[in-house]
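Read the structure below first, then the notes.
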Amino acid sequence: MLRKSGIEPYPYAYNVSHHAKDIKEGFSALEGKEVSIAGRAMQMRQMGGITFIDIQDRSGRIQALIRNNELDDKSLLVLTNSSIGDTLGIRGIVMKSKRGEISVGAKEITMLSKTLRTLPNKWQGLKDTETRYRSRHLDLIMNQEVLRTFETRAKFLSHVRNALDSRGAIEVETPILQDLYGGANAKPFTTTYHTLGDKIMYLRISDELYLKRLIIGGAERVYEVSKDFRNEDADTTHNPEFTQIEYYEAYSDYEAFMKMMEEMLSSFALKTFGSLKVEYRGDTIDFTPPFRRMYWVDELKGMTGIDISSMTDEDAVAINDSEKLGLKRPDRYHVADSLFDKYLKEKTVQPTFVLDFPTYMCPLTKVKRGNQKLAERFELYVGRMEVANSYSELTDPIYQRKMFEEQEKERKKGDEEAPPFDEDFIDAIEYGMPPTAGIGISIDRPTMIFTNQVSIKEVILFPPMKKLPPEDESGNR
RNA sequence: GGGCCCGUAGCUCAGCUCGGUAGAGCAUCUGGCUUUUAACCAGGUGGUCGUGGGUUCGAUUCCCACUGGGCCCGCCA
């Protein structure tokens, strides 16, 4: 094929001096200078002796202007054998075309990778959602704003890391494969560890109990970027595999973390967009601190007359009927949660701390100072989505044991999402855990807000997809 | 789990109402053209119409099931 005519279609390396964006933004300084760029040919306009190729690299696109009579023989050969979709290296002079387009006037063209496939068409591009997710490489080629979305995701992740690092925290890694799962209410994925006698292991639903062991051990400030797994259906705001950062800080309480979140989100918006206001799905979300505080038990009582803090399971059954919640398992935990969704969630478009939960919803949280029925916990909502969950951590081993026993009862009653009793953790906390604040900060959902995406799949590079029917394995070339 | 919509060329789509085994643009290939921006002009290649079954002389079209995707609801604090 190409090799016979002396062109290597898959060479080893190429020296790139500039990206498209550098040249466009720095044109006045670069005009007349020699540069070399590399990228994928996205469009090609051939007029005989002159050819225009739009080269796309990570930063964007720039036009290469190619006059046949200024090329050496090898470059000419490359040109005549290249097509849309090939990756090319262009060495040439920064200039403007007659129509004023900033271009690289080519002196040398190098084939960097020959494509065997045709790209989607240049106007409509690639729209089919299924193909976009199953073939993310094609999506990234055709829809460069997707790359921008993931750049924003990376910026947010590193922003959170920096914020925690600057508080003096250390980043740690704890097991993803766990003997026992805990720290949240969810169905786990299971797997088998063959060399440990085919032991059943769980993919973590949270890393909370491990990080707390580190606090007990004296680490004082620890966080982990945690991929968690919950064996549940996906929808536009839930993915079974998701990312959160959990952070624990000794000698703090949830009040300190509300301040931290205000600072973290507002500084990110300002740094990234130059504004505290962000457009999200038709709403303008204002990250100017302080964020609103919604004492939701009181607010709900005002709206409905129901005091969920003193609700019993019997009350819950009656409320499930009178409020037409239609829950399959109308215990007080699920009823309280459902009432929030029904009456209050709509009011959380702007950043809102939803705080002080009934104790029965919080098996790992300290009770509120001055109100034994409530726990010191907040959830931060933005754009009607929960983006962080934090509490003054329960450190009393005797009370902790009692809460585990309660959970175990729920579990026996058929709540398969209630976590199992963790004797090993109780053993650890009996050594004494300092007062501690803990928080889980979502990475996926804030990214949705900062990139104005409706679906969580748009901020996850390779969302899980169902198996395709087996017959289609032709792998045509 | 329930409801609605969708699957036709590599991509974006038309055709289906009212059955007669398929069409456009882009891409690709050939030829022409030395400043284009969706370049243009001429010609060519490209499809077991998601899968299986049913009705029919005949199904991309009508019916059923399955499968994959999207949206909404339920569930997932």
Side-chain angles (χ1 to χ4, degrees), chain A residues 41-54 61-71 81 83-86 95-103 105 115-135 138-139 141-143 184-187 205-206 230-240 242 296 308 325-329 331-341 345 354 357-358 360-365 375 377 379 381 385-386 389 391 415-418 440 454-455 457 463 465-472 474 476-477:
Chain A
M42 298 303 290
Q43 289 195 39
M44 216 175 257
R45 294 172 292 279
Q46 294 202 56
M47 341 273 315
I50 188 164
T51 303
F52 300 90
I53 302 179
D54 292 343
R61 290 187 188 183
I62 190 163
Q63 174 173 277
L65 190 163
I66 300 153
R67 290 190 205 82
N68 289 1
N69 60 14
E70 293 181 8
L71 292 182
N81 283 290
S83 54
I84 291 176
D86 291 345
M95 58 177 289
K96 273 190 180 174
S97 71
K98 237 172 218 174
R99 297 281 174 96
E101 176 90 10
I102 294 173
S103 309
T115 181
L116 298 180
R117 303 264 190 171
T118 11
L119 252 32
N121 88 51
K122 58 192 169 193
W123 300 291
Q124 289 88 350
L126 178 68
K127 288 180 180 168
D128 183 72
T129 317
E130 183 175 357
T131 311
R132 287 187 46 234
Y133 295 159
R134 287 192 196 275
S135 304
L138 252 193
D139 190 29
I141 293 168
M142 298 309 297
N143 305 308
N185 283 23
K187 261 184 278 183
I205 58 174
S206 122
R230 299 184 184 176
N231 209 336
E232 294 154 356
D233 270 357
D235 63 25
T236 47
T237 58
H238 296 81
N239 196 62
F242 65 100
W296 71 289
I308 56 167
L325 301 177
L327 295 173
K328 284 181 211 149
R329 212 172 37 241
D331 54 36
R332 56 187 181 169
Y333 175 98
H334 292 279
V335 165
D337 191 42
S338 178
L339 287 171
F340 174 81
D341 286 349
K345 200 175 193 173
V354 176
F357 286 59
Y360 56 80
M361 297 182 85
C362 313
L364 298 163
T365 312
R377 167 179 177 181
E379 288 184 348
Y381 274 76
M385 292 187 289
E386 181 196 337
N389 179 17
Y391 20 99
D415 187 348
E416 54 183 336
E417 282 150 15
V454 175
S455 170
K457 287 184 177 171
M465 302 292 270
K466 285 192 188 172
K467 259 192 298 193
L468 290 171
E471 46 181 318
D472 191 18
S474 49
N476 40 336
R477 307 205 129 203

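First the proteins, then the strands, lettered A, B, ... as listed; each starts at 1. Hydrogens, waters and symmetry mates play no part in the numbers below; they use all other heavy atoms, side chains included. Quick caveat, the model's predicted, so the values are computed rather than measured.
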Remember a base hit wins even if backbone is also touched, and classify [X] as base, sugar-phosphate or nothing at under 4.0 Å, heavy atoms.
{"X": "Gly85(A)", "answer": "nothing"}
{"X": "Lys457(A)", "answer": "sugar-phosphate"}
{"X": "Tyr333(A)", "answer": "base"}
{"X": "Arg134(A)", "answer": "sugar-phosphate"}
{"X": "Met142(A)", "answer": "nothing"}

Would you say Arg99(A) reaches rU37(B)'s phosphate, i.e. side-chain N/O to OP1/OP2 under 4.0 Å? yes
Answer yes or no: does a side-chain N or O of Lys127(A) lie under 4.0 Å from OP1 or OP2 of rG70(B)? no
For Ala336(A) and Ile308(A), work out which heavy atoms get closest and say how close.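 Nearest heavy atoms, Ala336(A) then Ile308(A): CB-CD1, 4.0 Å.
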Nearest non-hydrogen partners of Thr365(A) and Ala375(A), listed with the distance: CG2-CB, 3.8 Å
Could you walk me through whether Gln63(A) and Arg45(A) pass the side chain to side chain donor-acceptor pair (under 3.5 Å) test, one step at a time? CA-CA 10 Å; Gln63(A) 174 173 277; Arg45(A) 294 172 292 279; 2.9 Å; yes
Within a strict 4.5 Å, meaning less than it, do heavy atoms of the Gln43(A) and Ile53(A) side chains meet? no
Does some side-chain heavy atom of Tyr333(A) sit less than 4.5 Å from a side-chain heavy atom of Cys362(A)?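 Cys362(A) does not reach Tyr333(A) side chain to side chain.
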Roughly, in whole Å, what's the span from [atom1] in [X] to [atom2] in [N]?
{"X": "Leu138(A)", "N": "rC11(B)", "atom1": "CG", "atom2": "C1'", "value": "9 Å"}
{"X": "Gln46(A)", "N": "rG31(B)", "atom1": "CD", "atom2": "C1'", "value": "13 Å"}
{"X": "Arg45(A)", "N": "rA39(B)", "atom1": "CZ", "atom2": "P", "value": "5 Å"}
{"X": "Ile141(A)", "N": "rC11(B)", "atom1": "CD1", "atom2": "C1'", "value": "13 Å"}
{"X": "Tyr133(A)", "N": "rG7(B)", "atom1": "OH", "atom2": "P", "value": "19 Å"}
{"X": "Asp128(A)", "N": "rG10(B)", "atom1": "CG", "atom2": "C1'", "value": "13 Å"}
{"X": "Phe52(A)", "N": "rU35(B)", "atom1": "CZ", "atom2": "P", "value": "7 Å"}
{"X": "Glu130(A)", "N": "rG50(B)", "atom1": "CD", "atom2": "P", "value": "13 Å"}

Can you find an N or O donor on one side and an acceptor on the other, under 3.5 Å apart, linking the side chain of Asn69(A) with the base of rU34(B)? yes
Nearest to the side chain of Glu101(A), heavy atoms from C-beta on, is which of rU34(B), rU37(B), rU12(B)? rU37(B)
Heavy atoms from C-beta onward define the side chain here; which of rG69(B), rU36(B), rU35(B) lies closest to that of Gln63(A)? rU36(B)
Roughly how far, to the nearest 0.5 Å, is the CE atom of Met44(A) from the CG atom of Asp86(A)?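 Answer rounded to 0.5 Å: 6.5 Å.
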Opposite nucleotide pairing with rG43(B), Watson-Crick or G-U, both atom distances under 3.5 Å: rC29(B)
Name the pairing partner of rC4(B), where a pair is Watson-Crick or G-U wobble with both distances under 3.5 Å, or state none. rG70(B)
Could you list all N or O pairs between the protein and nucleotides 72-76 of chain B that sit under 3.5 Å apart?
| unit_1 | atom_1 | unit_2 | atom_2 | d |
| --- | --- | --- | --- | --- |
| rC75(B) | N4 | Asp235(A) | OD2 | 3.2 |
| rC76(B) | OP1 | His334(A) | ND1 | 3.0 |
| rC76(B) | O2' | Glu232(A) | OE1 | 2.2 |
| rC76(B) | O2' | Glu232(A) | OE2 | 2.6 |
| rC76(B) | O2 | His238(A) | ND1 | 3.2 |
| rC76(B) | O2 | His238(A) | NE2 | 2.8 |
| rC76(B) | N3 | His238(A) | ND1 | 3.2 |
| rC76(B) | N3 | His238(A) | NE2 | 2.9 |

Quick one: on RNA chain B, does Gln43(A) or Ile50(A) contact a more 5' nucleotide (nearest heavy atom)? Ile50(A)
Before you tell me yes or no, could you show the steps for Phe340(A) and Tyr381(A) under ring pair (Phe, Tyr, Trp, His ring centres under 6.0 Å), namely the whole-Å CA-CA distance, both residues' side-chain angles and the distance that decides it to 0.1 Å? CA-CA 12 Å; Phe340(A) 174 81; Tyr381(A) 274 76; 5.1 Å; yes
With C1' as the reference atom in both, quote the distance from rU8(B) to rG46(B) in angstrom, rounded to an integer.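 So the two C1' atoms sit 14 Å from each other.
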Can you name the atoms? Protein N/O to nucleotides 25-30 of chain B N/O, anything below 3.5 Å, with the distance.
| unit_1 | atom_1 | unit_2 | atom_2 | d |
| --- | --- | --- | --- | --- |
| rG25(B) | N2 | Asn121(A) | ND2 | 2.7 |
| rA27(B) | OP1 | Lys122(A) | NZ | 3.0 |
| rU28(B) | OP1 | Ile84(A) | N | 3.2 |

Check this for me, if you would: do Arg377(A) and Glu379(A) make a salt bridge, where the nitrogen-to-carboxylate-oxygen distance has to be below 4.0 angstrom?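 Here Arg377(A) pairs with Glu379(A) in a salt bridge, since their nearest N and O are under 4.0 Å apart.
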